[in-house]
2 protein chains.
Amino acid sequence: MSTPGRGLHGRVLETLGPAITAGEYPPGSVLRTDELAQTFEVSRSVMREAVRVLESMHLVESRRRVGVIVRPAAEWNVYDPQVIRWRLAGADRPRQLRSLTVLRSAVEPIAAGLAARHATAEQCAEITECAIGMVAHSRGHKLEGYLHHDVAFHRLILNASGNEMFARLGDVVEEVLAGRTHHAVMFDDPDPAAVTLHVQVAEAIREHDAPRAEELTREITEGALQELDILAPNGHFTASG
Amino acid sequence: MSTPGRGLHGRVLETLGPAITAGEYPPGSVLRTDELAQTFEVSRSVMREAVRVLESMHLVESRRRVGVIVRPAAEWNVYDPQVIRWRLAGADRPRQLRSLTVLRSAVEPIAAGLAARHATAEQCAEITECAIGMVAHSRGHKLEGYLHHDVAFHRLILNASGNEMFARLGDVVEEVLAGRTHHAVMFDDPDPAAVTLHVQVAEAIREHDAPRAEELTREITEGALQELDILAPNGHFTASG
DNA sequence: AACCCATTAGATACGACTAATTCAAGCCCC
DNA sequence: GGGGCTTGAATTAGTCGTATCTAATGGGTT
């Protein structure tokens, strides 16, 4: 979507990356550069560049005389947007979605509190606009329009927090929200209570009421977590939803 | 420390990466592969692999007929451990430390709450041991020993949370804590109140009291934020401490 | 104003050489 | 005779240089 195979090495990565993150090669598996180059019908130079990228993501480790070794999942750079996309596209999508939602529940309330302190008048206006847009699309099967405003809403707050680490989680939030809409997690119309909460959050930020913005956002993310629990009640270590 | 120049391209990255993250090349700057290869006295192949890694970190973007373009800081993969290290080693270390501390203040309380729910007896024991170790090193200029147990304490909790995204922040916490100890942010002995809080967190986790573990951890991270404010009182957008 | 072409710099490919690491055979010492 | 160390051969990634391809840019032409 954002990186549609820029160049040959990119196309190789689009196959190799998902394969590794999906666990098709168990930790410790050894791949040979030459072999891979033949398999993907590219030159060794291209394959080496692809391996370098995988290495920078800590998905693999290349050693002389041995080959390219697949690292255990615990060492992967799980915050790399590319890795996140690959994992969301793979088999352990449910677990990944849960991890990200828990991360959201930690970050977004704090971000909302900071936004209430730091947001400019313009940012407040944009956030409010999104909330209004959500209300407008909350009834009558307008899920796509609702999603659009929902994503923008959360992204604006993360940006308005003034913390670059928070701001960079905008894509993560988008993935989670889009996943919820497009994988039948959401009913025909969004929960009216959630919509109200978003409006109230916008209000709180506009009024620079940080504790209220934080608490209301906490309620939103709590709701998101509960939605997941309904789908995969086993809780934390659910393998497949 | 963890990656001491693996290969030629690694050594190139150790110079180019910090230079870019330090802002030596303003956003939009164009680097030429050939030129860089000459500058670093390596072949183009090696330079291309280095560029690929920088590209995967979203530090640069390479376009035909143009060159290698430095991206604005807002697009960087700021969660990449390598990028974090480069930025911590550079001029905007203070701002980076603040960003990371704010992130801690969001994540660690939630992680502690989850740890209180999920931690095994063995994990509880290890956490308690660390807290005891912190107490033992809290007096008499034993800062290094204190730091060691402090890092282990927070890392164990992040791991015990059962959330992989949280677990991967262990290195971040280590960097922040080490930075505090080694850059004269801490006085001769750590704050006794903070030590007590750590002991109480261990207690709460052992007793599976999630709300208490969360609240106590919040007090710890609040303290960390206040420490930063003492150093750089200008608050959020302090450029230099 | 629209189109075409030359220029340019990255993208790909290939082949040769280098260096490091592993494994095993062989040696020495005990 | 057995265990541990040394040494060397095989293997595979690392590096380099060159040649060719591709695509974006800018200028010139119609």
Side-chain angles (χ1 to χ4, degrees), chain A residues 2-17 19-20 25-72 75-77 82, chain B residues 1-17 19-20 25-72 75-76 82:
Chain A
S2 55
T3 51
R6 297 186 319 281
L8 262 191
H9 82 106
R11 229 160 304 157
V12 170
L13 281 173
E14 273 174 23
T15 306
L16 245 190
I20 293 175
Y25 306 97
S29 300
V30 175
L31 313 173
R32 248 95 36 104
T33 307
D34 294 352
E35 241 176 61
L36 289 173
Q38 282 186 350
T39 304
F40 288 99
E41 294 177 322
V42 295
S43 72
R44 212 163 66 104
S45 325
V46 170
M47 186 50 67
R48 285 180 53 75
E49 289 169 21
V51 168
R52 283 282 176 266
V53 173
L54 294 175
E55 209 176 10
S56 85
M57 294 169 174
H58 272 69
L59 296 185
V60 303
E61 179 191 358
S62 97
R63 287 223 295 260
R64 278 180 149 143
R65 181 56 177 93
V66 177
V68 178
I69 307 167
V70 178
R71 306 179 84 137
E75 298 177 11
W76 298 347
N77 281 0
Q82 188 96 72
Chain B
M1 199 169 278
S2 55
T3 51
R6 300 183 320 279
L8 264 189
H9 82 105
R11 230 160 303 157
V12 171
L13 281 173
E14 274 174 23
T15 307
L16 245 190
I20 294 176
Y25 305 96
S29 301
V30 175
L31 313 173
R32 249 103 26 116
T33 308
D34 298 0
E35 243 175 59
L36 290 174
Q38 282 187 351
T39 304
F40 288 98
E41 293 178 326
V42 295
S43 72
R44 277 202 301 268
S45 320
V46 170
M47 186 51 67
R48 285 180 54 73
E49 288 169 19
V51 168
R52 284 280 179 265
V53 173
L54 294 175
E55 209 176 9
S56 85
M57 296 169 173
H58 273 69
L59 296 185
V60 303
E61 179 191 358
S62 95
R63 285 221 297 259
R64 280 182 146 137
R65 180 61 175 98
V66 178
V68 177
I69 307 167
V70 177
R71 306 178 83 136
E75 297 176 11
W76 297 348
Q82 189 96 76

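Please read all numbers here as calculations on a predicted model, not as lab measurements. Letters A, B, ... mirror the listed sequences (proteins, then strands); counts begin at 1.
- Considering only side-chain N and O atoms, A:R65 lies nowhere under 4.0 angstrom from the phosphate OP1 or OP2 of D:dA13.
- Across all strands, A:R63 comes closer than 4.0 Å only to sugar-phosphate atoms, never to a base (heavy-atom distances).
- Between the CD1 atom of A:I69 and the P atom of D:dA13 there is a distance of 10 Å, given to the nearest Å.
- B:S45 comes within 4.0 angstrom of a base, heavy atoms only.
- For CD of A:Q38, the number of neighbouring non-hydrogen atoms (other residues, nucleotides, ligands) closer than 6.0 Å is 12 at most.
- Using a 4.0 Å heavy-atom cutoff across all strands shown, B:R48 reaches at least one base atom of the nucleic acid.
- In this entry the distance linking CG of A:L36 with P of D:dA13 reads 9 Å, nearest Å.
- The pair A:E49-A:R52 fails the salt-bridge criterion, with no side-chain N (NZ, NE, NH1 or NH2) lying under 4.0 Å from an Asp/Glu carboxylate O.
- Distance B:Q38 CD to D:dC16 C1': 14 Å, rounded to the nearest Å.
- As rounded to whole Å, 15 Å separates atom P of D:dC21 from atom CG of A:L8.
- With rounding to whole Å, B:M47 atom CE is found 13 Å from D:dG17 atom P.
- Comparing A:E41 and A:R44 against DNA chain C, the residue whose closest nucleotide sits nearer the 5' end is A:E41.
- Between A:S43 and A:V66, the residue whose closest nucleotide on DNA chain C is further toward the 5' end is A:S43.
- Checked against C:dT7, C:dG10, D:dT15, the side chain of B:H9 finds its nearest nucleotide in D:dT15.
- Taking side-chain N and O atoms only, A:R11 has no distance below 4.0 Å to OP1 or OP2 of C:dA11.
- Per the geometry, CD belonging to B:E35 stands 9 Å off P belonging to C:dA9, to the nearest Å.
- Remark: of the listed residues B:V12, B:V70, B:I20, B:I20 is the sole one forming a side-chain contact (heavy atoms from CB on, under 4.5 Å) with B:L54.
- Spacing between atom CG of A:L13 and atom P of C:dA11 amounts to 14 Å, rounded to whole angstrom units.
- B:M47 approaches B:L16 most closely through the heavy-atom pair SD-CD1, 4.4 Å.
- When the P atom of C:dG10 is taken as reference, atom CD of A:E49 falls 13 Å away, rounded to whole Å.
- Of all the heavy atoms in A:S62 and A:V51, the pair that sits closest is CB-CG1, 4.4 Å.
- Listed pair B:T33 / C:dA9 fails the phosphate criterion, with no side-chain N or O lying under 4.0 Å from OP1 or OP2.
- Judged by distance alone with a 3.5 Å cut-off, no donor-acceptor contact links the side chain of A:R64 to the base of D:dT12.
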